[in-house]
Novice: 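Structure in structure tokens, see below.
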Amino acid sequence: MTPTATPAEQAQISSELQAFIDSVPEWDKALIEQAIEIFGADGRPFSMNTFRDLLPEMAHHTAGLVFLSMVNRKPRSIVEIGRVRSSSGPTHNKSIGVYVLARYATRWPS
């Protein structure tokens, strides 16, 4: 069973996450968001695995934060449609999200 955070804990988590997202330089955010928009323009699903070899090495550390910021925007820019295992060695096969641009989310079962 997964523990549920209290409203106060959720607010703290949101605040900390926003601080991490705010620490990503605007140029890096724009580069990663542009790559996501271009790749997903035809409705193809993508994950961080998709972009690992396409983005400069420096973007690997910030791309996850950009994905989170895009998922948590109102309205959402991208929508999670599934999960896969990370292909990055340091993540130790961690489960990561598979996404589509929000405008294509209705094509996928929720």
Side-chain angles (χ1 to χ4, degrees):
M1 182 171 160
T2 304
T4 303
T6 66
E9 290 168 332
Q10 289 174 349
Q12 178 67 28
I13 292 167
S14 291
S15 174
E16 290 171 2
L17 177 58
Q18 190 59 51
F20 282 127
I21 291 168
D22 289 345
S23 73
V24 177
E26 288 299 318
W27 191 90
D28 292 358
K29 285 181 199 173
L31 171 73
I32 296 165
E33 288 183 13
Q34 183 177 32
I36 290 169
E37 287 288 334
I38 291 168
F39 188 88
D42 64 356
R44 285 184 289 176
F46 53 86
S47 71
M48 186 55 207
N49 292 341
T50 308
F51 295 101
R52 198 166 284 111
D53 294 332
L54 301 175
L55 294 171
E57 176 93 19
M58 59 64 141
H60 295 185
H61 304 291
T62 58
L65 292 172
V66 175
F67 273 65
L68 280 173
S69 74
M70 294 177 79
V71 167
N72 289 307
R73 288 182 190 154
K74 302 292 186 227
R76 292 180 176 175
S77 301
I78 61 175
V79 175
E80 186 175 313
I81 60 164
R83 308 287 292 172
V84 295
R85 294 287 173 193
S86 174
S87 61
S88 171
T91 63
H92 305 288
N93 210 26
K94 176 183 170 187
S95 176
I96 61 172
V98 175
Y99 305 92
V100 292
L101 296 180
R103 63 182 171 267
Y104 296 107
T106 58
R107 294 184 182 178
W108 301 91
S110 40

Novice: Between CD1 of Ile96 and CZ of Arg85, what distance do you get to the nearest 0.5 Å?
Specialist: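 One gets 10.0 Å once the value is rounded to the nearest 0.5 Å.
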Novice: Atom CD1 in Ile32, atom CE in Met48: separation rounded to 0.5 Å?
Specialist: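 One gets 7.0 Å once the value is rounded to the nearest 0.5 Å.
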Novice: How long is the gap from CD on Gln34 to CD on Glu37, to the nearest 0.5 Å?
Specialist: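 It is 9.5 Å, given to the nearest 0.5 Å.
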Novice: How far does CE of Met70 sit from CG of Leu101, to the nearest 0.5 angstrom?
Specialist: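 CG of Leu101 is found 7.0 Å from CE of Met70.
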Novice: So which of Phe67, Phe39, Phe51 actually passes ring pair (Phe, Tyr, Trp, His ring centres under 6.0 Å) with Tyr99?
Specialist: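 When Phe67, Phe39, Phe51 are each tested with Tyr99, the ring pair (Phe, Tyr, Trp, His ring centres under 6.0 Å) holds only for Phe67.
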Novice: Using salt bridge (Lys or Arg N to Asp or Glu O under 4.0 Å) as the criterion, list what pairs up with Arg76, not counting sequence neighbours.
Specialist: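 Partners of Arg76 by the salt bridge (Lys or Arg N to Asp or Glu O under 4.0 Å) criterion come out as none, since no residue qualifies.
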Novice: Would you please name every residue forming a ring pair (Phe, Tyr, Trp, His ring centres under 6.0 Å) with Tyr104, sequence neighbours left out?
Specialist: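 Scan of Tyr104 (ring pair (Phe, Tyr, Trp, His ring centres under 6.0 Å), adjacent residues dropped) gives none.
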Novice: So, for Gly97 and Ser47, which heavy atoms are closest and what is the spacing to 0.1 Å?
Specialist: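 Looks like O-CB, 3.2 Å.
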Novice: Search all heavy atoms of Arg73 against all heavy atoms of Ser77 and return the closest pair with its distance.
Specialist: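 Scanning both residues completely, I find the closest heavy atoms to be NH1-OG, 3.2 Å.
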Novice: Do Val98 and Leu54 land in one hydrophobic cluster if side-chain heavy atoms of ILVMFWY residues count as linked below 4.5 Å?
Specialist: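 Linked within one cluster.
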Novice: Between Ser87 and Arg52, which heavy-atom pair has the shortest distance, and what is it?
Specialist: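 Closest pair (atom of Ser87, atom of Arg52, distance): OG-NH1, 2.9 Å.
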Novice: Quick one: closest heavy-atom pair of Ser86 and Asn93, and the distance?
Specialist: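 In this case the closest contact between Ser86 and Asn93 is O-OD1, 3.7 Å.
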Novice: Can you name the residues that form a side-chain contact (heavy atoms from CB on, under 4.5 Å) with Ala105, not counting sequence neighbours?
Specialist: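 Ala105: side-chain contact (heavy atoms from CB on, under 4.5 Å) contacts with Val79, Val100.
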Novice: Give me the atom names and distance for the closest heavy-atom approach of Glu33 to Ser69.
Specialist: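 Scanning both residues, the minimum pair turns out to be OE2-OG, 4.5 Å.
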